[in-house]
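Worksheet: one structure, shown below.
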Amino acid sequence: MEKFACEPCGYVYDPAKGDPDSGIAPGTPFAALPDDWCCPICGASKDMFKKVD
């Protein structure tokens, strides 16, 4: 699964890990995250994330 990095702070969303602190289960692809999900480190919105190659 594709990983996405937060441009402002560098946090990487890894679908294999999800974001348990935000109620996002492991295995959840980035595209399936709720529209109001934000970076757990700096609070940036989803549109501030870019796919990691």
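Here the structure is a predicted model, which is why all the values come from computation and not from measurement.
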By side-chain contact (heavy atoms from CB on, under 4.5 Å) - contacts of A44 (at least two apart): C6, P8, C39, C42, M48
Those residues that, when tested against E2, pass salt bridge (Lys or Arg N to Asp or Glu O under 4.0 Å) (two or more places apart): K51
K3: salt bridge (Lys or Arg N to Asp or Glu O under 4.0 Å) partners, not counting sequence neighbours: D14
Partners passing side chain to side chain donor-acceptor pair (under 3.5 Å) against D35 (at least two apart in sequence or in another chain): none
Residue pairs, two or more places apart or on separate chains, that pass side chain to side chain donor-acceptor pair (under 3.5 Å) and touch residues 39-50: S45-D47
Remaining members of the apolar cluster that contains Y13, side-chain heavy atoms under 4.5 Å: F4, Y11, I24, F30, L33, W37, I41, F49
